[in-house]
Amino acid sequence: MGYSDQRFNVNLSILFTELPLLERPAAAAKAGFGAVELWWPWVDAPTPEQSELDALKQAIEDAGVQLVGLNFYAGQLPGPDRGALSVPGEESEKFRANLPVAADFAKSLGCTALNALYGNRVDGVDPAVQDELALENLVLAAREADRVGAILLIEALNAPESPKCPIVSAPKAIEIVDKVNAASGLGNAKFLMDLYHLSMNGEDLPSVIERYAAKTGHVQIADNPGRGAPGTGSLPLEGLLDQLGAAGYEGWVGLEYKAGDRPSAEAFDWLPKV
C-alpha cells in the first residue's frame with residue numbers, strides 16, 4: 001500500500017501552467033506521467049474553433065498520455081466563477097452549447113470522465129430557480145456523457161474559497177448525484193472526491209471515504225494548508241488513499257495542487273522513485 005500503488009494523473013490546468021497549453025502534455029510525460037486531466041481550457045470559448053480542439057488533441061496524442069478527466073465549460077476558472085450550469089442566461093446557454101463539444105472531444109481521446117461544476121449563487125435570483133436550472137442542465141450533461149460512454153462528475157468545492165457556491169460538502173454533492181441519477185435514469189453521475197476541498201470544509205475525511213467511496217468516480221488531491229504537493233501541509237494523504245483503495249476505489253487520483261515557487265517539473269519529489 002501507499003503512494004506506489006496509486007494511479008496518479010496530472011491536472012494540466014494547475015500544474016505546468018508556466019508552459020503554453022500545447023506544451024503541457026509532453027511536459028507531463030517527461031515528468032513520468034502517463035495520464036492527464038484538464039479544466040475546460042478555453043475559458044472564453046465554450047465552442048472553440050475546430051482547429052484549436054484538433055491542436056490540443058494532437059498534442060495529447062503526440063505526448064503519449066491518456067486524457068482521463070475533462071471539465072465542461074465552467075466560466076472563468078481559475079477566477080471568479082465556479083461553474084456555469086446554475087447561472088441563468090448567457091452562462092447557462094454557454095454550458096449547453098459546450099456539452100456536445102466537450103463530450104465529443106473527450107470521446108476522441110478515450111476520456112470517460114466529465115466534470116460539471118455547479119456555479120455560484122447569483123444575487124437577486126431565487127436559489128430554487130437556480131437549482132431547477134441546474135438539475136435540467138445536469139441531466140443534459142449526464143445524457144451527453146452517456147452518449148460517449150463517460151460518467152458525469154459532481155464536485156464539492158470549499159466554502160472559504162468559494163463562498164457563493166452551494167455545493168461545499170460531500171453530503172450536498174452526493175445529494176445532487178442522487179437527484180441527477182433519479183432524473184436522468186442513467187445512473188452515470190458520480191462524486192468527484194477532492195480531498196483538499198473537503199478538508200478545507202473541515203469534514204471528517206475517513207468518514208467521507210467510508211460513506212461515499214462506492215459513489216466516487218474520481219479523486220483529486222492537494223495538501224492543506226496551502227494547496228501544495230503532498231507533504232507540504234498536514235493532510236495524511238497516503239493513508240487516506242490507502243483507505244480509498246481498501247474501500248474499493250480503483251480509479252485515477254488527479255494531482256490538482258500548486259507547484260509553489262518552483263517549476264512544476266520539480267513538484268513531484270514526494271512520489272516514490274520507480
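Treat the numbers as computed from the prediction; the structure is a model and nothing was measured.
With sequence neighbours left out, the side chain to side chain donor-acceptor pair (under 3.5 Å) criterion links K57 to E61. Every residue was checked against the side chain to side chain donor-acceptor pair (under 3.5 Å) condition with D261, not counting sequence neighbours, and none meets it. Under the ring-ring contact (aromatic ring centres under 6.0 Å, His included) criterion, F95 pairs with F72, sequence neighbours left out. Listed by chain and number, the residues in a ring-ring contact (aromatic ring centres under 6.0 Å, His included) with F33 are F268 (sequence neighbours excluded).
Rounded to the nearest 0.5 Å, atoms CD1 (I174) and NZ (K172) are 12.5 Å apart. Here the straight-line distance linking atom CG of L109 with atom CD of Q58 works out to 10.0 Å at 0.5 Å rounding. Considering NZ of K258 and CZ of R227, their distance stands at 6.5 Å, rounded to 0.5 Å. In this structure, L67 CG and K107 NZ are separated by 15.0 Å, a value rounded to the nearest 0.5 Å. Atoms OG and CG, on S199 and N158 in that order, are 8.0 Å from each other to the nearest 0.5 Å. Between atom CG of residue L140 and atom OG of residue S92 there is a gap of 8.5 Å, rounded to the nearest 0.5 Å.
With hydrogens and angles ignored, the 3.5 Å screen pairs no side-chain donor or acceptor of N9 with any backbone N or O of A35. A distance-only check finds no donor-acceptor pair linking the side chain of Y196 to the backbone of E256 [under 3.5 Å]. In this structure, the side chain of N137 engages the main chain of L85 through a donor-acceptor pair within 3.5 Å. The backbone N or O of A159 sits nowhere less than 3.5 Å from a side-chain atom of S162 that would complete a donor-acceptor pair. The closest donor-acceptor contact from the side chain of E37 to the backbone of V10 lies at 3.5 Å or more, if one exists at all. Between the side chain of N181 and the backbone N or O of A189 there is at least one donor-acceptor pair closer than 3.5 Å. In this structure a side-chain-to-backbone donor-acceptor pair under 3.5 Å is missing from T17 to S13. Of the possible donor and acceptor atoms, one in the side chain of Q66 sits under 3.5 Å from a partner among the backbone N and O of G110. Panel note: side chain R24, backbone L19; a donor-acceptor pair is recorded below 3.5 Å. Y3 places no side-chain N or O within donor-acceptor distance of the main-chain N or O of W270, the cut-off being under 3.5 Å.
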Verdict with supporting geometry, H197 and M200, side-chain contact (heavy atoms from CB on, under 4.5 Å): CA-CA 5 Å; H197 286 314; M200 282 286 288; 5.6 Å; no

Y118 vs Q130, side chain to side chain donor-acceptor pair (under 3.5 Å): CA-CA, chis, key distance, verdict: CA-CA 10 Å; Y118 201 85; Q130 284 197 257; over 6 Å; no

Candidate pair S234 and N224, rule side-chain contact (heavy atoms from CB on, under 4.5 Å), full reasoning: CA-CA 6 Å; S234 58; N224 187 26; 5.8 Å; no

Full working for ring pair (Phe, Tyr, Trp, His ring centres under 6.0 Å) between W42 and Y73: CA-CA 8 Å; W42 300 280; Y73 171 79; over 10 Å; no

side-chain contact (heavy atoms from CB on, under 4.5 Å) between W40 and L77, worked out: CA-CA 8 Å; W40 185 249; L77 190 73; over 6 Å; no

D5 vs E238, side-chain contact (heavy atoms from CB on, under 4.5 Å): CA-CA, chis, key distance, verdict: CA-CA 10 Å; D5 293 323; E238 191 165 17; over 6 Å; no

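Here V43 is tied to no hydrophobic group at all, with no ILVMFWY side chain closer than 4.5 Å. Through direct or indirect side-chain contacts shorter than 4.5 Å among Ile, Leu, Val, Met, Phe, Trp and Tyr, L153 is connected to I151, L192.
At least one side-chain heavy atom of F8 sits under 4.5 Å from a side-chain heavy atom of I221. Within the 4.5 Å cutoff, the side chain of R211 has heavy atoms near those of the S207 side chain. Counting heavy atoms from C-beta on, the side chains of F16 and P263 never come closer than 4.5 Å. In this structure, the side chains of E175 and I167 stay at 4.5 Å or more apart for every pair of heavy atoms. In this structure, E155 and L117 have side chains that are in contact, with non-hydrogen atoms separated by less than 4.5 Å. Side chains of D223 and Y257 form no contact here, defined as non-hydrogen atoms less than 4.5 Å apart. The side-chain heavy atoms of V68 and C111, taken from C-beta on, include no pair separated by under 4.5 Å. Counting only heavy atoms from C-beta outward, the side chains of V253 and Q220 never approach each other to under 4.5 Å.
The side-chain contact (heavy atoms from CB on, under 4.5 Å) with L152 is formed by just one residue from the set V180, N115, L186; it is V180.
Remark: R147 engages D104 in a salt bridge, criterion side-chain N to carboxylate O under 4.0 Å. With respect to the salt-bridge test (charged N to carboxylate O, under 4.0 angstrom), the residues E250 and R7 do not qualify. Ion pair R262/E18 not flagged as a salt bridge, since none of the NZ, NE, NH1 or NH2 atoms sits closer than 4.0 Å to an Asp/Glu carboxylate oxygen. We find that R96 and E93 are not joined by a salt bridge, their nearest charged nitrogen and carboxylate oxygen being 4.0 Å or further apart.
L21 and P25 get closest at one heavy-atom pair: O-CD, 3.3 Å. Taking each heavy atom of K190 and T216 in turn, the nearest pair found is CB-C, 4.3 Å. What you find for N71 and W39 is that their closest heavy atoms are ND2-CD1, 3.5 Å. The two residues S86 and N120 have their closest heavy-atom pair at OG-O, 3.9 Å. Taking each heavy atom of C165 and L157 in turn, the nearest pair found is SG-CD1, 4.1 Å. Considering all non-hydrogen atoms of both residues, D81 and Q76 come closest at OD2-N, 2.6 Å.
For E52, the CD atom sits in a packed shell: over 12 heavy atoms of surrounding residues, nucleotides or ligands are nearer than 6.0 Å. Heavy atoms from other residues, nucleotides or ligands lying under 6.0 Å from CD of E210 number 12 at most. Counted within 6.0 Å of CD on E90, heavy atoms from surrounding residues, nucleotides or ligands total 12 or fewer; the atom is thus considered open.
Under a hydrophobic clustering in which Ile, Leu, Val, Met, Phe, Trp and Tyr are joined whenever their side-chain heavy atoms come within less than 4.5 Å, directly or via other members, I154 and V87 fall into different clusters. There is a path of hydrophobic side-chain contacts, each under 4.5 Å, that joins M193 to I14.
If you check the side chains of N201 and S169, you find no donor sitting under 3.5 Å from an acceptor.
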